[in-house]
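Nothing here was measured: the structure is a model prediction, and the numbers come from that model. Numbering of ligands and ligand atoms starts at 1, following listing order.
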Amino acid sequence: MTFFLDRPLISQVIYDLMCRCGRDLQKTSVADPLLNLLLTKKLCTQEGEQAPLEINISCVVKKIVHEDGKAVALETNKGNVKLGNAKLILAMGVLPPTTLMLNSFPSSSFSQLAGIGTRYTAHFRSSVLARLPRNLYHDLKKKISGKIEVAAMHIPGLSPHSKRQFHIQISAFLDDTPLVDIQNTLHQFPDVLPAPSIEQLSSSKDPPHIIFFCKTIGGLDHTNKNNWFCLNSDVPSNDEIINNNNTDVTCNTTMQVVLNDTDRQLWDTMDESTFAVLKRLALCDHPDDSCQLEFWHSEDSHSSTQGRWLKDPPPTSQIRRRVLVHPASTMWIGDDDHEPSPVDLDYRFRGVENVYLTGGALWPTAGSWNPTCTMTALAINLADKLLTNFDNNNNNNNNDTNNTDIDNSNDNVQPGYNYEVMNKYSHL
Ligand SMILES: Cc1cc2nc3c(=O)[nH]c(=O)nc-3n(C[C@H](O)[C@H](O)[C@H](O)COP(=O)(O)OP(=O)(O)OC[C@H]3O[C@@H](n4cnc5c(N)ncnc54)[C@H](O)[C@@H]3O)c2cc1C
C-alpha cells in the first residue's frame, strides 16, 4: 500500500498534534485539535447545518448491536446510541476494539472474522546506559556551551537471520549542572523513558562525561501461533488462566505471549548491535584499543538511582525489559487468501457492512517503528477512501435522479459531514 505522506492535510494534522505544549516542550495532544474543530465548527451536516460533532465524555461502548451484518446501534454505559446509516469507525487503540469485536461479532456467525485475536505483535526492548569522558571528543570540546546539551539519533537495523527490523534510539546528554533548572532539563529530553536520572548525571560531571542512553526496539514475530488474544470463554481448557471470572465486557479477555526462536535471535542481534555502536562511539575500532566506555549496572532491576559505573557491559538480565509496548496486529489488514485478514484493504471488517477500523490493530506485522505517525497516516487514508466513496455515490445519485427505475431509498444518504467543508479544511 502507498500513503501520500507529503500531502498538506497530513502536515497540518501532524503540526496540530505536535505544537500545542508551549515553551520548550512539544508532545502529542489530541484533545486540543479536536476541541478546536468543535469550537470552529469545521464539520457540518450535508445541508450545511452546524454542530453535528458531539463529544460525549465518560461514555464506554460495550457492544455493537447489529442486524443482518450491519451495525445499527452502540450499547453504552449511557444507553443505546442508534447509528442510522452511519459508518462506524473503531479508533480506540488495539486491545479495546479487539475485545469489542470479539464480544459483538462471534466467529460462529461471522466466519470471516475468525482470525481476530489469532495474531498478536508488540515491541520488546533493551535499554543500555553508557558514558564516555567528554575530552574524548576534541572537536566537541570547543562547542560545548556549559549548559545541558542533548542529541538524539535513530539507527535502523535488520536481523541477518529472519530479516526482521529493529532500531536503536540513542540519546546523548551532557550536563555540567544537573541540579540547576531540572524542570527545563527534563522537558528538553527527547523521550521521557530513555533519560538519565539525577544520580546518573551527578555522578558523571567530575570529570565531565557524555551519557548515552540506548533504547533498542524490535517486534514480536507475527507468525507465532502461540501468541493470541481471545475471550476468556475461548481460552484452551488446558491453559492456566489468571482472573478469568471477569464479566465486564470491556475486559473479559486473555492474552498469551511466548517468545520463539525468531524473537530470541532478533533480541540477541539487537543487543550485539547496541554494544557495537557504543564501541564505535567510543572510537575503539579494534578489540585491543583501550576503551573508555563505562556502563551503568544496577542489581535492583533496572534502578536508575542505585547502581554504579563499570567497564564490563551489563548482563542480559539487566538490560532486557520484561514489558511489551505498542500492541498491534490483532485485526490485521490485507488481501491474503491463505490466512484471511479480518479487515479488507478498505479498512472494513469482512462480512460486516459498515464497521471500519483504524489504529495499530491493523498492522500485518510488527516492524520496529514507533506507531503514532503511521496510525495518523492510516486514519487519514481511511478518511480519504470514505470521502472518495461518498463523492462517487453522490455523483451516481445525482446522475440517477431522473431515472425512476432506480430505488433512491436511504442507501445513499450519508450522515455526518459535508464533503466540501472537509475539502476546504484539508487545504489549511
Ligand atoms: C508511555 C507511552 C509512551 C509512548 N511513546 C510513544 C512514542 O514515543 N512514539 C509513538 O509513536 N508512540 C508511543 N506510544 C504509543 C502511542 O501512544 C499509541 O500507540 C497511540 O496513542 C495509539 O493511538 P490510538 O488513537 O490508536 O489509541 P489510543 O490513544 O489508545 O486512544 C484510544 C481511545 O479509545 C478509548 N476507548 C477504548 N475503549 C473504549 C470503549 N470501550 N468505549 C469508549 N472509548 C474507548 C480510550 O479511552 C482512548 O481514549 C506510547 C504509549 C505509551 C503508553
(message) For the residue pair His209 / Ser204, report whether a side-chain donor-acceptor contact shorter than 3.5 Å exists.
(response) no
(message) So is Val60 touching ligand 1 or not, going by heavy atoms under 4.0 Å?
(response) yes
(request) Could you tell me whether the side chains of His167 and Gln165 share a donor-acceptor contact shorter than 3.5 Å? (result) no
(request) State whether the number of non-hydrogen atoms from other residues, nucleotides or ligands found under 6.0 Å of Arg264 atom CZ is greater than 12. (result) yes
(message) Quick check on the 6.0 Å ring-centre criterion: do Trp309 and Trp296 meet it?
(response) yes
(message) Going by ring-ring contact (aromatic ring centres under 6.0 Å, His included), name the pairs with one or both residues in residues 65-106, residues two or more places apart or in two chains.
(response) His66-Phe105, His66-Phe110, Phe105-Phe110
(request) Within a distance under 4.0 Å of any heavy atom of Met375, pick out the atoms of ligand 1 and give their elements. (result) 19 (O), 22 (C), 23 (O), 26 (O)
(request) Tell me, please: is Cys59 in heavy-atom contact with ligand 1, that is, under 4.0 Å? (result) yes
(message) I want to know if ligand 1 touches Thr372 in the polar sense, i.e. an N/O pair below 3.5 angstrom.
(response) yes
(message) Yes or no: does Gly360 have any heavy atom under 4.0 Å from an atom of ligand 1?
(response) no
(request) Report yes or no: do Thr262 and Gln265 form a side-chain donor-acceptor pair below 3.5 Å? (result) no
(message) Is the contact between His326 and ligand 1 made by the side chain, the backbone, both, or neither, using heavy atoms and a 4.0 Å cut-off?
(response) side chain
(message) Please state which option from Thr99, Val61, Leu95, Thr376 has its nearest heavy atom closest to atom 42 (N) of ligand 1.
(response) Val61
(message) Is there a polar contact between ligand 1 and Pro371, counting only N or O atoms under 3.5 Å apart?
(response) yes
